[in-house]
Amino acid sequence: MEVYMQNRELSWLNFNQRVLEEATDENTPTLERFKFISIFTSNLDEFFMVRVGSIFDIMKSNNKYVDRKSGMTAKEQLDEIYRVMPNFYEMRDRIYRDVIAELEKYNINNRNVKTLNEEERVYVRKFYHEEIEPLISAQIVDSSHPFPFLENKKLYIITEMTDKDGNFVHGLVPISDVFERYLSLPGDGFNYIRIEKVIEHYVPEIFQNYNVTDQALISVTRNFDFETESEIEEEIADYKAFMKKVLKKRQRQEAVRLEVSNKKSASVMEFLKKELGITDEMIFLTKAPINMKYVYGLTDIIPTALIKKISYKEFEPVKRYSLECGSIIKKIEKKDILLSYPYDDMDSFLDLIKEAAQNKKTLSIKITIYRLAKNSKLVEYLKKACENGIEVTALMELKARFDEENNINYSEELYQSGCNIMYGFEEYKTHSKLCLITYKDELGNIKYITQIGTGNYNEYTSKIYTDFSLMTANEEIALDANDFFKNISMGKLNGKYLHLLQSPSTLKSRLLKEMDEEIKKSKNGYIRCKMNSLTDYEFLEKFSEASRNQVKTDLIIRGICCLIPGIMGYTENVHVYSLVGRFLEHSRVYQFGTGENVRLYISSADLMTRNTEKRVEIAAPVYDNDAKKRIIDYLDIQMKDNVKRRILISSKNYIKPEIQDKPFIAVNYFMDEAIQERTKLLEEKNKQFNHKNNEISKNQKKAKSLLDWFKKK
């Protein structure tokens with residue numbers, strides 16, 4: 001245990017609180033505030049399924065386990081999580097109530113059956129009997145009907161009842177996933193009622209032969225963490241079949257949380273505790289909806305004109321490079337291209353793949369895939385490349401949590417198109433973002449384009465996640481990338497390269513070495529890192545060592561930070577910042593030194609043990625001066641944000657920076673910059689268009705003049 005380190009789970013909870021606090025910002029549009037409550041809820045769901053679930057597994061398998069950073073046992077971590085959790089529920093309930101009241105000002109009303117007018121009541125009754133009732137599968141729970149398995153995160157209504165003979169029984173009503181999450185109501189307003197509220201109202205009718213004395217809406221959260229214990233066969237079909245079994249197994253894991261809408265009778269709680277094998281601290285009462293995914297669907301019933309008033313101002317990424325303006329490959333051959341999502345459009349990269357897929361001189365395209373969007377353009381272009389006789393190799397990670405099924409489907413689709421599919425490793429997730437295009441130039445020479453990214457090849461998330469994507473014609477980096485794909489195809493994890501850093505082999509050691517170089521400079525040294533999370537023990541120690549040697553260190557960390565800054569004698573020279581706002585900060589950047597001697601890397605890896613030791617990750621140096629400057633400027637601007645940025649202090653709390661001049665939001669700055677760039681490109685395009693038209697007009701005049709001359713002759 002170190003005084004300058006903290007527990008990762010408790011640090012994550014502080015981060016998620018930051019997400020929820022965005023829903024209290026009056027400068028954030030009302031519908032966006034509602035979405036932040038939904039994001040907080042989804043984050044919490046995953047936290048219990050994955051993190052709390054894994055701690056339960058540790059507690060059962062290793063009672064001697066102690067967290068090195070905080071000195072806490074697995075049980076102590078669980079006790080603390082469950083102890084602080086009611087505060088988060090109370091905070092969410094309060095903020096939910098406030099945001100609902102704000103939405104009502106725009107005539108967007110969340111109804112329950114008691115608040116319906118006559119027209120709405122008739123409509124809901126008709127809808128229930130025609131659309132919902134035929135699909136209700138209620139059941140009795142008594143001595144003859146055992147308590148069924150409750151699926152993870154599914155909504156149920158539990159009842160206490162007596163039959164006509166006075167016998168005590170329970171009832172259970174599953175709320176099917178086939179139901180829409182809410183029902184749009186008739187009338188002039190934009191009113192809605194959640195489906196669970198409708199079904200709750202009709203529970204006495206569902207159990208009409210019983211006297212319902214109490215009922216509650218509940219949802220069980222189960223342990224979704226899992227270990228792949230059996231050996232995975234190399235054959236494609238066997239591996240996919242294995243992952244499909246894993247997905248089924250997940251649904252039957254133990255309960256780690258029970259959510260209940262409002263306070264219910266002690267007897268209902270005792271019944272559920274017994275049947276689910278849970279304790280009092282694992283039960284959480286909520287006045288806010290248990291499932292809040294419906295929030296994003298509300299836009300279907302709200303007029304576009306109103307949505308614009310209560311949402312972020314629309315933003316369209318700028319497409320800096322397009323096939324319409326000439327070959328992207330030729331542009332990269334002349335100079336590295338750096339894209340910054342979501343301010344730059346990912347279509348610039350997709351156009352590169354499209355160009356390569358259509359180019360008869362392209363020999364191969366190799367790519368690692370972790371997450372993809374639905375109806376992915378990338379997949380379509382890769383399939384087109386296969387059809388054109390180009391060798392396509394995709395390293396598809398099937399263990400991308402919650403995207404396993406999507407990746408299985410895409411892997412089958414690519415495989416059917418003739419793509420070579422690799423499935424990574426059993427013990428190591430392949431999380432790297434690397435693409436290599438090999439082609440011949442006009443003289444028959446072998447050429448390469450390499451793309452290295454910090455985020456996934458997902459067109460949807462590229463519009464809401466911040467990431468960097470570097471495209472370079474650097475031959476030595478390409479040869480490293482080619483060696484990487486060769487090594488992976490041979491099952492070799494300890495690859496070493498001239499420029500690229502790879503975990504689990506060289507990434508960690510090289511970055512630690514870079515930090516050592518700055519430590520040697522003492523006061524003249526500088527380290528700046530941007531990442532999602534920091535948990536790796538050796539890096540925590542190294543940051544403390546840098547601080548003790550008077551090296552100024554700036555860390556921009558969106559989520560978990562196990563390092564506590566400002567601890568005298570340990571981390572007084574470390575500054576930690578977190579930015580939460582319109583876009584999800586996702587890029588990873590590692591900067592060592594300043595000025596002309598700065599060394600800069602972008603990477604798919606956070607400084608977490610899972611990334612540095614248990615995943616296949618890639619980091620790449622940035623050599624192009626313009627690309628380097630753009631990234632450094634990006635970090636500088638983020639550190640000037642005095643509205644969305646928070647400062648982590650020695651008490652483990654986040655505080656707001658002082659606004660000394662005027663409010664400054666980094667995201668707004670980058671969006672304005674993109675808008676200016678788009679305007680500039682449009683002006684250049686119009687200028688070129690007008691120039692062509694003028695040339696055509698001149699030529700037409702010359703032709704007419706020449707024709708007139710001939711006629712006179």
Side-chain angles (χ1 to χ4, degrees), residues 1-21 40 43-89 91 221 223-225 256-257 279 281-282 284 529 531-545 547 553 555-571 574-578 580 606-614 646-655:
M1 175 182 175
E2 299 287 354
V3 296
Y4 58 90
M5 298 185 191
Q6 65 172 320
N7 178 262
R8 64 167 284 170
E9 319 306 342
L10 301 181
S11 174
W12 184 90
L13 288 174
N14 281 340
F15 153 69
N16 205 32
Q17 180 176 331
R18 287 271 296 105
V19 174
L20 187 56
E21 286 172 353
F40 167 86
N43 286 349
L44 206 57
D45 291 344
E46 185 171 340
F47 175 74
F48 271 94
M49 287 188 285
V50 179
R51 295 307 309 165
V52 174
S54 66
I55 299 173
F56 262 101
D57 289 341
I58 291 170
M59 186 174 67
K60 290 186 297 183
S61 62
N62 182 7
N63 57 14
K64 294 181 180 179
Y65 168 82
V66 175
D67 174 34
R68 291 176 69 192
K69 304 175 189 72
S70 63
M72 300 172 75
T73 64
K75 185 179 185 306
E76 287 172 338
Q77 292 180 62
L78 289 172
D79 289 345
E80 184 62 14
I81 290 168
Y82 286 121
R83 185 188 71 78
V84 302
M85 200 52 60
N87 297 330
F88 288 99
Y89 276 88
M91 182 178 178
T221 308
N223 179 359
F224 249 46
D225 199 40
V256 295
R257 176 181 62 164
T279 54
E281 63 270 16
M282 299 166 73
F284 301 103
C529 302
M531 67 196 92
N532 298 325
S533 296
L534 169 62
T535 67
D536 188 290
Y537 195 88
E538 290 179 66
F539 280 105
L540 297 174
E541 288 185 314
K542 189 62 70 174
F543 283 125
S544 177
E545 182 184 345
S547 178
T553 301
L555 303 177
I556 304 172
I557 303 174
R558 185 194 80 227
I560 301 166
C561 179
C562 290
L563 188 72
I564 306 172
I567 303 296
M568 294 304 296
Y570 295 96
T571 57
V574 177
H575 309 277
V576 179
Y577 310 109
S578 173
V580 176
D606 292 311
L607 300 187
M608 304 177 74
T609 306
R610 72 175 189 184
N611 299 89
T612 59
E613 297 182 7
K614 296 295 182 182
R646 296 293 181 270
I647 304 168
L648 180 62
I649 59 177
S650 58
S651 65
K652 306 176 190 177
N653 295 316
Y654 287 91
I655 63 171

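The basis for the numbers below is simple: all heavy atoms, side chains too, and nothing from hydrogens, waters or symmetry mates.
By the 30° and 60° cut-offs, the orientation of the rings of F48 relative to Y82 is tilted. Ring geometry for F15 versus W12: interplanar angle over 60°, hence perpendicular rather than tilted (30 to 60°).
Between the side chain of N532 and the main chain of R558, no donor-acceptor pair closer than 3.5 Å is present. The backbone N or O of T535 lies less than 3.5 Å from a partner atom in the side chain of K69, making a donor-acceptor pair. Side-chain N or O atoms of S11 include one that pairs as donor or acceptor with a backbone N or O of C561 at under 3.5 Å. Listed for the S544 side chain is a donor-acceptor partner under 3.5 Å among the backbone atoms of Y570. In terms of modelled atom types and a separation under 3.5 Å, the side chain of N14 and the main chain of K652 share a donor-acceptor contact.
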Please lay out, stage by stage, how R257 and M85 fare under the test side-chain contact (heavy atoms from CB on, under 4.5 Å). CA-CA 11 Å; R257 176 181 62 164; M85 200 52 60; over 6 Å; no
Show your reasoning for whether side-chain contact (heavy atoms from CB on, under 4.5 Å) applies to I647 and H575. CA-CA 8 Å; I647 304 168; H575 309 277; over 6 Å; no
Show your working on side-chain contact (heavy atoms from CB on, under 4.5 Å) between L13 and Q17 and close with a plain yes or no. CA-CA 6 Å; L13 288 174; Q17 180 176 331; over 6 Å; no
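N7 and M72 make their closest contact through CB-SD, 4.0 Å (heavy atoms, listed as atom of the first residue, atom of the second, distance). The shortest heavy-atom contact between L607 and T612 is CA-CG2, 4.4 Å. Here the closest heavy-atom approach between residue Y537 and residue T609 is recorded as N-OG1, 4.3 Å. Of all heavy-atom pairs between I564 and I649, the closest is CG2-O, 4.3 Å. Annotation for I58 and A74: closest pair CG2-CB, 4.1 Å, computed over non-hydrogen atoms. Nearest heavy-atom pair, S533 versus I557, reported as atom, atom and distance to 0.1 Å: CA-CG2, 3.9 Å.
The CD atom of E9 sits 5.0 Å away from atom CZ of F47, with the distance rounded to the nearest 0.5 Å. Rounded to the nearest 0.5 angstrom, M5 CE and C562 SG are separated by 8.5 Å. Of the inter-residue distances, the one linking D606 atom CG with D536 atom CG reads 11.0 Å to the nearest 0.5 angstrom. In this structure, CG in D57 is found 12.5 Å from OH in Y65, a value given to the nearest 0.5 Å. Atom CG of N223 and atom CD1 of I55 lie 10.5 Å apart (nearest 0.5 Å). The distance from atom CZ of R18 to atom OH of Y654, rounded to the nearest 0.5 Å, is 8.0 Å.
Residues F40 and F88 have side chains in contact (heavy-atom distance under 4.5 Å, counting atoms from C-beta outward). Two residues are said to be in side-chain contact when any heavy atoms from C-beta on lie closer than 4.5 Å; F543 and T571 fail this criterion. You'll find the side chain of R83 stays beyond 4.5 Å of the side chain of D79, heavy atoms only.
Exactly one of L20, N16, V19 qualifies for a side chain to side chain contact (heavy atoms under 4.5 Å, CB included) with V580. That residue is V19.
Between D67 and Q77, the side chains place no donor N or O within less than 3.5 Å of an acceptor N or O (distance only, hydrogens not considered).
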